[in-house]
Every structure is written in C-alpha cells, then in structure tokens.
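Start at 1 and go down the list; that is how both ligands and their atoms are numbered.
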Amino acid sequence: MYNKFSIYTAIAYANGKPHIGHAYEYVLADAITRYHRLLSGNDKVFFCTGMDEHGQKIFEKAESLDKTPQQLVDEITQDFKDLDVSLQISYNKFIKTTDEIHKKTAQDLWMKMYNKNDLYEKEYEGLYCIGCERYYKESELNERGECPDHLKKPILFKEKNWFFRLSKYADQVRGLIVENKIKIYPEERKNEIFSFIEGGVEDISFSRSKKLLTWGIEVPNDDTQVMYVWCDALTNYLTAGREVNVWGDSNMLNVIGKDILRFHALFWPSMLLSAGEENVQDILVHGHILSNGQKMSKTLGNVIDPQEVLANYNQALSANSSLSEWVSSEFFRYFILKNISPFSDGDVTHERMKELYNADLANGIGNLTNRIMKLCTTYLSDGYRPEPTEFPIEYTQSMQKYDVKSAFEYIFKLVSDLDNYMQTEQPFKVIKVDEEKGKAMLHNMRTQLYTVGRLLQPFMPRTSDTIKGLIKNNQMPEKPIFPRYE
Ligand code: MSP
C-alpha cells in the first residue's frame with residue numbers, strides 16, 4: 001500500500017463529440033478521486049484523463065472536413081474539456097496522445113519491449129477494415145462478406161507488421177489476477193479474462209504499414225511502420241504517471257468501460273511486464289449507459305448529449321436555484337452516481353431523470369434542508385460548529401470497493417431517516433411546549449444534515465458546500481437549492 005493514489009480514465013477517441021457514456025466515466029472517476037482527496041489530502045491524489053488522437057479514422061475524417069488531423073483532434077478535445085468544466089471534473093492532468101512527451105514515452109516503451117526480444121516481424125495477409133483498423137477473419141464478417149460495424153467489404157491486404165509476444169505473458173498476467181495483485185472490480189469481470197486466456201492467446205499485431213496508417217507514432221526501429229493503437233494509446237497512463245512521479249509509487253486505478261477490459265486486464269499488463277514497469281493494481285470496469293433500453297448509436301438517433309441535458313435543466317432551473325447554473329451539473333452527477341451501478345449497464349431516459357430529480361432532489365434533500373434551516377433560523381441563535389468525526393463505515397466500505405451507488409444510497413438513507421424524524425417526532429410542535437427539548441432536537445437534526453453535506457462532497461461538491469455553509473451560518477437558502485422541475 002502506498003500513501004498516494006492515482007486514477008486514470010480511458011482516453012476517448014477524438015472522432016466525435018462526447019456522449020453520456022463518456023460523461024459517466026468521468027463523473028465516476030471524479031467522485032472516487034474527490035473521495036480519496038478527502039481522506040488523504042489533495043497532494044496525495046493524481047487524476048488523469050485525456051484523448052486518444054491517432055488513427056486512420058481520424059485522419060480520414062479530417063480530410064473529409066478539409067482540416068488537418070491536428071486541427072480536428074484539437075477541436076474535439078476542446079469539446080471534452082468543456083464537458084469536464086460543466087461536470088466539475090477535477091483532473092490534474094489532461095493528456096493528449098499527440099503530445100510530444102507522450103510520443104517519446106511510447107517509443108521508449110517500444111524499445112524496452114524490442115530489446116527484451118518481445119517484438120518480432122511477421123508477414124501478414126488478411127481482410128482489413130480501414131474503419132475498424134483491424135483484420136477480420138472470414139467467419140466474423142456478415143453474410144455479404146462485410147464488416148459488421150461498417151457494412152463495407154474489407155480489403156485484402158498483405159503487409160509486414162511488428163508483433164508483440166502476448167502469448168508469452170498471458171499466464172503470468174493470469175497469475176497476477178488470481179493473486180489479486182491486479183484487482184478487477186467487479187469480480188465477475190475476472191472470469192471474462194480467465195475464459196479469454198483459456199481460449200488461447202495469440203500474439204498481437206503491434207504496428208501498421210505507413211501505407212495503411214499515416215496518423216500515428218513512428219516505430220523507432222523501423223521507418224516504414226507506425227505504432228498500432230496498443231502501444232500508442234495504452235501508454236498514455238505511463239506518460240502521465242511518470243510526469244508526476246507516481247507511476248509505481250501510488251495505488252493506481254484504471255476506470256474503464258466493459259468493452260475495453262481485455263486491453264486493460266491483459267494487453268497492457270503484459271506490455272508493462274515485458275518492459276519491466278510496475279503494473280496498475282486496480283481496474284474498475286463499469287457497464288454501459290443505454291438510451292431508452294438500447295445501445296446508443298448515431299443510426300438509431302438515440303445518442304444522449306450530456307451538454308444538451310445540462311442546458312435543458314439549466315434553462316428550467318438555474319434562475320430559481322441557489323446553485324444557479326451549477327444546479328444542472330449537480331443534478332447530472334447525482335443522477336449518474338446514485339442511480340446507475342458502476343458494475344452493470346444503466347438505462348437513461350429523460351422521463352426517469354425528471355422523475356428522480358423531483359423526488360430525490362426537489363422534494364428530497366432540497367426540501368429537507370429548507371425545512372430544517374427554517375426551524376433552526378427561527379429557534380436557534382448560533383451557527384453550528386462541526387467537530388471532526390470519522391466517516392461512517394458503511395460509506396467508506398462501499399467507496400473502498402468503488403461501489404459509489406451504495407455509498408450514495410447510504411447518504412439518502414440518512415436523508416429519509418431525517419424526513420421520518422421530522423414527521424414522527426414533530427420538533428416544530430415540541431419546541432412550542434418544551435423549548436429545551438425542541439432545541440436539542442433541532443440541533444440533532446442539523447448535525448445529521450451536516451453529515452449528509454459532508455458525505456455528499458465527492459458526489460455533489462457544490463450542494464455539499466451549500467448545505468454545510470447554511471448550517472454553519474445558521475441561514476436559510478435565499479432560493480431553493482433544487483426548485484421543482486415542472
Ligand atoms: N480510445 C479508446 C480507449 C483507449 S484507453 C487507452 C476508447 N475510446 S471511446 O471513446 O470509445 O471510449 C472511452 C471510454 O468510454 C471507454 O472506457 C468506454 O468503455 C467508455 N464508453 C463508451 N461508450 C459508453 C457507454 N455507452 N456507456 C458507458 N461508457 C462508455 O475506447
């Protein structure tokens with residue numbers, strides 16, 4: 001165990017705007033980061049996110065838009081950075097794979113693997129889909145012989161590639177997972193990797209001819225070749241971690257989606273073993289966000305744009321909320337963290353979002369804060385001076401397992417307990433007949449509400465600050481925190 005923590009999201013393909021699935025990953029990783037900052041202090045936690053900017057798809061898209069690839073990726077990167085601001089993603093480092101320092105790290109890693117004799121050349125002939133940037137087996141194509149994703153016939157291509165001896169490391173990586181030296185959350189995902197390894201692991205193609213791929217990092221020992229995605233993209237973590245000296249000197253966590261598990265739980269650990277670098281200890285594998293029960297796709301037209309959701313909620317609420325334009329960001333973070341388990345897929349619909357906003361935020365925590373503060377400002381003369389207390393064990397245990405939803409549910413249990421207390425014990429009546437007792441009850445309620453505020457910090461930072469501020473200053477919110485969404 002190290003006393004530092006470093007957290008890395010996947011880096012998104014710079015080939016389109018961010019969707020709600022990306023937003024989910026960032027909010028999830030941000031909540032975990034903020035929790036660790038609370039526990040250990042800001043300087044002990046490093047949080048990295050960024051963009052995956054190379055590849056033929058990006059090159060071709062830029063050409064079709066009459067832009068240079070760099071222009072295109074810079075523009076798309078800006079969309080992701082804007083989303084990070086809107087969602088309060090508190091990263092320490094935003095890495096781009098076109099950064100010069102990253103290219104150097106990727107080439108350095110390549111040479112370490114090459115010197116270990118783990119990279120070798122092989123002639124390869126196969127059916128190549130430019131869109132997917134990969135070769136297909138005939139059995140993987142549809143009945144018309146097309147790539148199932150792009151519905152285009154792949155081209156027959158013969159080239160010389162560099163290959164990485166993945167087969168040499170598969171058992172060793174398996175061992176690391178069995179011994180929990182690489183921990184995969186949730187447990188079930190382990191089995192996916194084990195059965196993949198049992199099915200037989202082949203070496204992987206590690207480079208592309210410059211004829212097929214023009215926008216990438218040069219292979220240091222062969223000027224006819226460019227690195228394929230593995231050494232180009234996965235290495236971003238090492239670049240970022242090394243820059244601030246936390247690689248191998250912190251508890252390292254990857255937060256990734258289920259579709260890229262194999263790359264992070266087998267390919268990347270094998271590459272690190274080959275190069276003699278430290279491995280990541282924890283991999284949190286989240287599910288996918290579905291839109292109205294279906295996978296999001298441009299063809300179905302059901303892709304949810306997080307910026308649209310935020311704009312929508314702000315238009316309806318920001319003028320009447322004491323959080324002003326941050327009300328939508330706080331809501332979005334709440335919705336995604338409290339209602340979707342990191343360990344399974346989660347469905348998002350506009351109806352459900354609105355329903356939960358009104359139930360949990362407007363009528364729930366917002367209304368409760370209002371009622372408690374109304375009584376406190378009427379009957380108590382002083383603000384509250386919080387005393388340092390430990391976090392409840394239910395909360396910390398959940399967060400330790402990255403079960404953010406359970407930790408959040410624990411907070412909402414406190415909220416509903418407080419609601420029930422208000423209803424059954426009726427402090428507003430008691431105080432009229434027994435002032436001492438009534439005051440003690442109100443003090444007890446604001447202490448509990450303060451705990452709610454404290455525990456909300458990693459998830460809803462501004463709501464947390466607002467609630468704590470009101471209690472400390474013994475004030476009513478000027479406007480409701482969460483006005484009703486009609
Ligand atoms: N560029 C690769 C990752 C390379 S990491 C060295 C990539 N990019 S991506 O843009 O397609 O996805 C970025 C992250 O978002 C991945 O972790 C992916 O699993 C996640 N998601 C993509 N679609 C998603 C949903 N619909 N729901 C939740 N997460 C999703 O993969």
Side-chain angles (χ1 to χ4, degrees), residues 7-30 48-58 61 73 76-77 79-80 83-84 87 89 94-99 102 105-106 109 131-134 149 185 189 192 215-217 227-241 252-269 271-272 280 283-298 300 302-306 332 335-337 339-349 404:
I7 295 145
Y8 310 81
T9 69
I11 48 172
Y13 282 127
N15 64 354
K17 281 173 133 202
H19 56 63
I20 196 167
H22 295 116
Y24 177 53
E25 184 166 303
Y26 305 145
V27 169
L28 178 63
D30 185 69
C48 178
T49 184
M51 300 302 290
D52 188 351
E53 300 188 318
H54 288 128
Q56 197 60 10
K57 260 185 272 187
I58 290 170
K61 183 161 184 178
V73 298
I76 292 175
T77 291
D79 290 337
F80 277 78
L83 180 66
D84 288 335
L87 293 176
I89 307 303
F94 192 104
I95 189 165
K96 285 158 71 67
T97 52
T98 55
D99 291 343
H102 171 68
T105 311
L109 191 79
C132 298
E133 296 177 347
R134 60 166 273 212
D149 266 5
Y185 300 80
R189 297 276 175 214
E192 242 179 271
W215 178 240
I217 303 176
M227 284 181 197
Y228 186 51
V229 61
W230 315 126
C231 194
D232 178 326
L234 289 163
T235 311
N236 89 85
Y237 306 124
L238 183 64
T239 307
M252 303 191 276
L253 165 71
N254 267 136
V255 180
I256 56 157
K258 63 179 185 180
D259 54 319
I260 53 174
L261 169 66
R262 198 180 293 173
F263 315 147
H264 288 78
L266 178 61
F267 294 14
W268 180 229
M271 290 163 65
L272 290 166
V280 172
I283 307 177
L284 168 58
V285 190
H286 61 75
H288 274 184
I289 302 250
L290 308 174
S291 159
N292 239 329
Q294 281 179 302
K295 193 176 166 182
M296 282 184 288
S297 86
K298 283 192 190 137
L300 286 175
N302 64 348
V303 178
I304 303 177
D305 175 349
F332 191 93
F335 179 78
I336 237 162
L337 296 172
N339 299 298
I340 299 173
S341 163
F343 308 140
S344 50
D345 289 348
D347 195 24
V348 173
T349 65
V404 178

Between the candidates I11, N15, D232, which shows the shortest non-hydrogen contact distance to atom 4 (C) of ligand 1?
-> I11

for atom 29 (N) of ligand 1, nearest protein heavy atom and its distance come out as H286 CE1, 3.2 Å

Looking at NE2 of H288 and CD1 of I20, how far apart are the two atoms once the value is rounded to the nearest 0.5 Å?
-> 13.0 Å

Ligand 1 atoms nearer than 4.0 angstrom to some heavy atom of G287 are 28 (C)

When you measure from atom 20 (C) of ligand 1 to each heavy atom in H288, H54, E25, H264, which option holds the nearest one?
-> E25

Do H102 and D232 come within less than 4.5 Å of each other through their side chains, counting heavy atoms only?
-> yes

Does any pair with a residue in residues 17-28 pass salt bridge (charged side-chain N to carboxylate O under 4.0 Å, His left out), and if so which ones, sequence neighbours excluded?
-> K17-D305

Nearest-contact summary for atom 31 (O) of ligand 1 - protein heavy atom, Å | I260 CG2, 3.7 Å

What pair of heavy atoms forms the shortest contact from Y24 to G287, and how long is it?
-> CE2-O, 4.3 Å

Please round to the nearest 0.5 Å and tell me the distance separating atom CD of E53 and atom CH2 of W215.
-> 7.5 Å

Taking atom CD1 of I76 and atom NZ of K61, what is their separation to the nearest 0.5 Å?
-> 5.0 Å

Given E53, M51, K258, H22, which has its nearest heavy atom closest to atom 10 (O) of ligand 1?
-> H22

Check ligand 1 against D52 and write out every atom of the ligand that is under 4.0 Å from a heavy-atom position of the residue.
-> 1 (N), 2 (C), 4 (C)

Heavy atom of K295, distance to ligand 1 below 4.0 Å = no

For G257, take its heavy atoms, then give the atoms of ligand 1 lying under 4.0 Å from any of them.
-> 17 (O), 19 (O)

min-distance protein heavy atom vs atom 23 (N) of ligand 1 -> H19 CE1, 3.3 Å

Nearest option to atom 7 (C) of ligand 1, as decided by whichever heavy atom of Y13, Y237, F267 sits closest | Y13

For D259 and ligand 1, does the shortest N/O to N/O distance drop below 3.5 Å?
-> yes

Output the distance between atom CD1 (I89) and atom CG (L83), rounded to the nearest 0.5 Å.
-> 7.0 Å

For atom 27 (N) of ligand 1, find the nearest protein heavy atom and state the residue, atom name and distance (0.1 Å precision).
-> I289 N, 2.8 Å

Centroid separation Y8 to H264 less than 6.0 Å | no

Quick one: which ligand 1 atoms are inside 4.0 Å of a heavy atom on I256?
-> 17 (O)

Listed by chain and number, what are the ring pair (Phe, Tyr, Trp, His ring centres under 6.0 Å) partners of F263, not counting sequence neighbours?
-> W230, F267

Ligand 1 to M296, heavy atom cutoff 4.0 Å, flagged ligand atoms 26 (N)

Is the backbone of K295 close enough, under 3.5 Å, to the side chain of N302 for a donor and an acceptor to pair up by distance?
-> yes

